[in-house]
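I have placed the structure first, in the form of structure tokens, so that the comments after it can refer back to it.
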Amino acid sequence: MLDSKIVRENPEAVAEQLVKKNYIFPVARFNELEALRRDAQILTENLQNERNTRSKSIGKAKAAGEDIQPLLAEVENLGGQLDEAKSKLNDIASDLDDLLLGVPNLPDESVPAGLSEDDNVEIRRWGTPPEMAFDPLDHVALGEQNGGLDFETAAKLTGSRFAVMTGKMARLHRALIQFMLDVQTTEHGYTEAYVPYLVNEDSLKGTGQLPKFGEDLFKVPFGDRQYYLIPTAEVPVTNMVRDEIVDADKLPLKFTAHTPCFRSEAGASGKDTRGMIRQHQFEKVEMVQIVEPSTSWDTLETMILHAETILQKLKLPYRVVALCGGDLGFGAAKTYDLEVWLPGQDKYREISSVSNMTDFQARRLKARWRNPETGKPELLHTLNGSGLAVGRTLVAVLENYQTADGRIIVPDVLVPYMGGITEL
RNA sequence: GGAGGGGUGGCUGAGUGGUCGAAAGCACCGGUCUUGAAAACCGACGAGUCGUAAGGCUCCCAGGGUUCGAAUCCCUGCCCCUCCGCCA
């Protein structure tokens, strides 16, 4: 959520910045609601003030043993007026709230202009796509050839966009998870977190998935409530600081968590239907940092390096791109994507996304820290990034480490996690 | 699942219908003292929001209700603790 003060002071400027994000901010509608809100609020608060004052004097009169009947008669119809004013104010406030909750975060100045991923800007490349003296197979074909990767059985168990892995393939998948967690905890100073995979609505509002993107979530009814399967560990992990005031000396908070992620991908039918690029359920190792605002931009740069480290250790070629305005997520002020080389597709594909959400989530979360300089609670900045998407990393390993005779070599760094197995 | 007890400011904790946004203590901050520190003493000290300002308003888990007036009474829900039962 944006700072309503800033929006109020200069809605045109906000609208202008959001154009970059391909979002039309309804300035006229906002101004109209804002004016209504102001009037209604002033009226309501005046009435409340009157009620409070009169009630107090009734209390005094009663304590002094005076007759309070005439005073009671005076306040007779105050209640009705107040109820009416309140309900009017509530209606307006909730309209305004709905509007504001649907407004994305402002993009940072450094975010490139553009509408689609075609306008993303490449920042750097690492490694060289392997020269293969044969036609590389994609991971689906490799899975069929080697066994252990089975989409048909998964479709029987559940439906499309799920996978069953068995044997060495399943182990390789698990090895990747352990490897990633170990790197992030021992080399980059993250604290490992285990978190719930089902969360409540407040948590999803806090990180910005709700109210706007409910159709991408799997809902789980529970009694008369509604839980949701997490679409990313960002949700439970970032929400750990919801409604908290964090001591300055505890910052930055750095968490990493391995969780499954569940996405209904309502808007993506037809995209990447083959293989495990886009699944309803996938594993991810997530990095989250909760930082004091002055450091969040530096933190963004180090976090993308933390994600890159994994690919470097796996010797997988990749490139880093800065997302253009139109491709930025709802809550992100700036995002770097990490794209790994996939020989089977002959192109780079997203494997990680690292974002600075600035104070956008923190405001919704009421996640604050006490600034020693001011002594006051102030909003934190939140960042998150994949480190990395496990399924897609598995795909990258399979495709990049395939041999002409159909074997798959286990990357060196994973061998210890494979119990010494060196190929599939 | 059964039976009880609770949820109050950064923390501990008092408050059971009216000058209570809330005692007290701790922590934090400013000061006195000190070579410096500690101790002691003095002072300040919840958050959010509206308003140009003066000054309001809201918030004692959440949502309803009673009342002129609710932290306090009633209802519902959530969460925590203790005991019993069951259980991966």
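Chain letters run A, B, ... following the sequence lines, proteins first and then strands; every chain starts at 1.
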Is any side-chain nitrogen or oxygen of A:Arg51 closer than 4.0 Å to OP1 or OP2 of B:U58?
yes
Spacing of A:Leu82 atom CG relative to B:U58 atom C1', expressed in whole Å:
13 Å
When the distance from CZ of A:Arg38 to C1' of B:U52 is rounded to whole Å, what number comes out?
10 Å
Would you confirm whether A:Ser57, through its side chain, and A:Arg54, through its main-chain N or O, come within 3.5 Å as a donor-acceptor pair?
yes
Could you tell me which non-hydrogen atom of A:Asp202 sits nearest to which non-hydrogen atom of A:Asn239, and how far apart they are?
O-OD1, 4.1 Å
Measure the distance from CG on A:Asn200 to C1' on B:C61 and round it to the nearest whole Å.
14 Å
Could you tell me how far apart A:Ile245 (CD1) and B:G9 (P) are, to the nearest whole angstrom?
11 Å
When the P atoms of B:C79 and B:C29 are compared, how many Å lie between them, rounded to an integer?
38 Å
If the C1' atom of B:C33 is compared with that of B:A22, how far apart are they to the nearest Å?
34 Å
Whole-Å distance separating the NZ atom of A:Lys376 from the P atom of B:G46:
7 Å
Of the listed nucleotides B:G48, B:G21, B:C68, the one nearest the side chain of A:Val75
B:C68
Donor/acceptor link under 3.5 angstrom from A:Lys56 side chain onto base of B:G18
no
Which base sits across from B:C45 as a Watson-Crick or G-U pair, both distances under 3.5 Å?
none
If the C1' atom of B:G21 is compared with that of B:A47, how far apart are they to the nearest Å?
10 Å
Determine yes or no for a side-chain-to-main-chain donor-acceptor pair under 3.5 angstrom, with A:Ser264 supplying the side chain and A:Phe218 the backbone.
no
For atom C1', what is the distance between B:C26 and B:U32, given to the nearest Å?
22 Å
For B:G7 and B:U72, measure between their C1' atoms and round to the nearest Å.
15 Å
Take atom P in B:G77 and the same atom in B:A3, then report the distance between them in whole Å.
14 Å
Pairwise side-chain contact, A:Thr382 with A:Val288, heavy-atom cut-off 4.5 Å (strictly under):
no
